[in-house]
Amino acid sequence: MQKHRRRVRAQRGFTLIELLVVLAIIGLLAGLVGPQVIKHLGESKTKTARLQIEELASALDMYRLDVGRYPTTDEGLAALVEQPASAKFWNGPYLRKKKVPVDPWNNPYHYVAPGQHGKFDVFSLGADNSEGGEGEDQDVVSWD
């Protein structure tokens with residue numbers, strides 16, 4: 001009879017208290033790890049924007065070699081994938097995917113030529129899509 005009781009206890013599984021303790025531990029871990037993961041996600045979007053801006057700057061330099069000038073502000077970055085009427089020696093598209101990328105926050109990149117900081121300025125206004133900011137809201141620019 002005692003042998004039968006031991007077998008029954010061994011097959012019961014977890015108690016409610018044991019399950020609550022495990023859930024509390026998982027909750028604590030999520031509370032500690034979650035903010036760190038979100039922080040790194042924001043940093044990775046900023047790094048992605050920097051890389052895309054570098055790619056756009058290289059494509060703009062190739063455009064200049066062919067056409068003899070950078071696209072005007074009105075022509076914009078679209079001149080890298082579609083030939084403007086005023087670009088006789090256009091040899092594009094100058095971007096691999098044949099479309100102008102948007103920044104990691106799904107906003108278009110800003111382009112000004114001639115720029116205030118160089119021959120052209122390419123920039124993203126960050127997650128908040130307004131000038132300035134810190135962290136994920138900071139501006140990502142071509143002239144730094």
Side-chain angles (χ1 to χ4, degrees), residues 5-144:
R5 280 188 196 168
R6 285 185 193 159
R7 233 186 256 150
V8 170
R9 282 188 185 168
Q11 294 176 355
R12 282 189 184 167
F14 297 109
T15 66
L16 181 60
I17 293 176
E18 290 170 331
L19 289 173
L20 289 174
V21 168
V22 170
L23 288 174
I25 291 171
I26 290 172
L28 286 171
L29 287 174
L32 294 172
V33 174
Q36 295 299 319
V37 170
I38 291 171
K39 175 183 155 192
H40 289 295
L41 179 65
E43 289 173 2
S44 68
K45 285 186 175 187
T46 302
K47 288 178 184 176
T48 299
R50 279 196 183 98
L51 289 172
Q52 285 179 328
I53 286 173
E54 286 177 20
E55 181 183 357
L56 290 169
S58 295
L60 287 164
D61 288 336
M62 289 173 44
Y63 178 96
R64 182 180 172 274
L65 286 173
D66 289 345
V67 177
R69 63 172 176 79
Y70 290 106
T72 64
T73 302
D74 290 336
E75 292 170 337
L77 296 173
L80 297 174
V81 292
E82 294 178 19
Q83 182 175 4
S86 63
K88 285 185 180 179
F89 300 106
W90 190 84
N91 194 25
Y94 297 93
L95 297 173
R96 279 186 233 146
K97 293 190 177 181
K98 297 178 182 147
K99 73 176 205 173
V100 179
V102 293
D103 70 13
W105 303 279
N106 290 322
N107 299 310
Y109 283 101
H110 300 270
Y111 172 75
V112 179
Q116 294 178 350
H117 305 278
K119 303 277 186 190
F120 61 84
D121 294 345
V122 179
F123 57 96
S124 166
L125 296 176
D128 63 355
N129 202 28
S130 61
E131 289 187 28
E134 293 183 15
E136 202 175 346
D137 293 336
Q138 71 182 325
D139 299 346
V140 183
V141 297
S142 63
W143 55 88
D144 280 346

Hey, are Tyr63 and Asn91 close enough side-chain-wise for a donor-acceptor pair under 3.5 Å? no

Any side-chain heavy atom of Ser58 sitting closer than 4.5 Å to one from Tyr94? no

Looking only at non-hydrogen atoms, find the nearest pair between Asp103 and Gln52 and report the distance. CA-OE1, 3.9 Å

For Leu56 and Val122, work out which heavy atoms get closest and say how close. CD1-CG1, 4.0 Å

Side-chain contact test, heavy atoms from C-beta onward, threshold under 4.5 Å: evaluate it for Ser142 versus Glu54 and give yes or no. no

Apply side-chain hydrogen bond (donor to acceptor under 3.5 Å, both in side chains) to Ser86 and Arg69, showing your working. CA-CA 11 Å; Ser86 63; Arg69 63 172 176 79; 2.8 Å; yes

To check you understand the geometry: which heavy-atom pair defines the closest contact between Gln83 and Lys88, and what is its length? NE2-O, 3.9 Å

Non-hydrogen side-chain atoms of Leu60 and Leu80 separated by less than 4.5 Å: yes

Identify the two heavy atoms, one from Asp139 and one from Gly132, that lie closest to each other, and give their separation to 0.1 Å. OD2-N, 3.0 Å

Closest heavy-atom pair and its distance - Val141, Phe123: CG1-CB, 3.8 Å

How long is the straight-line distance from CG of Asp66 back to CE of Met62, given to the nearest 0.5 Å? 7.0 Å

Counting C-beta onward and ignoring hydrogens, is there a side-chain heavy-atom pair between Asp121 and Gln116 closer than 4.5 Å? yes

Any Phe120 side-chain heavy atom under 4.5 Å of Thr73 side chain: no

Is Lys99 paired with Glu82 through a side-chain N to carboxylate O contact shorter than 4.0 Å? no

Between Gly76 and Pro71, the two heavy atoms sitting closest are O-CB, 3.6 Å

Does a side-chain heavy-atom distance below 4.5 Å link Thr46 with Trp105? yes

Is there side-chain contact between Ile53 and Tyr109, with at least one heavy-atom pair below 4.5 Å? yes

Compare all side-chain heavy atoms of Leu95 with those of Val100 and state whether any distance is below 4.5 angstrom. yes

Can you tell me how far apart CG (Asn106) and CG (Asn129) are? Round to the nearest 0.5 Å. 10.5 Å

If you count heavy atoms of other groups shown closer than 6.0 angstrom to CD1 of Ile17, is the number above 12? no

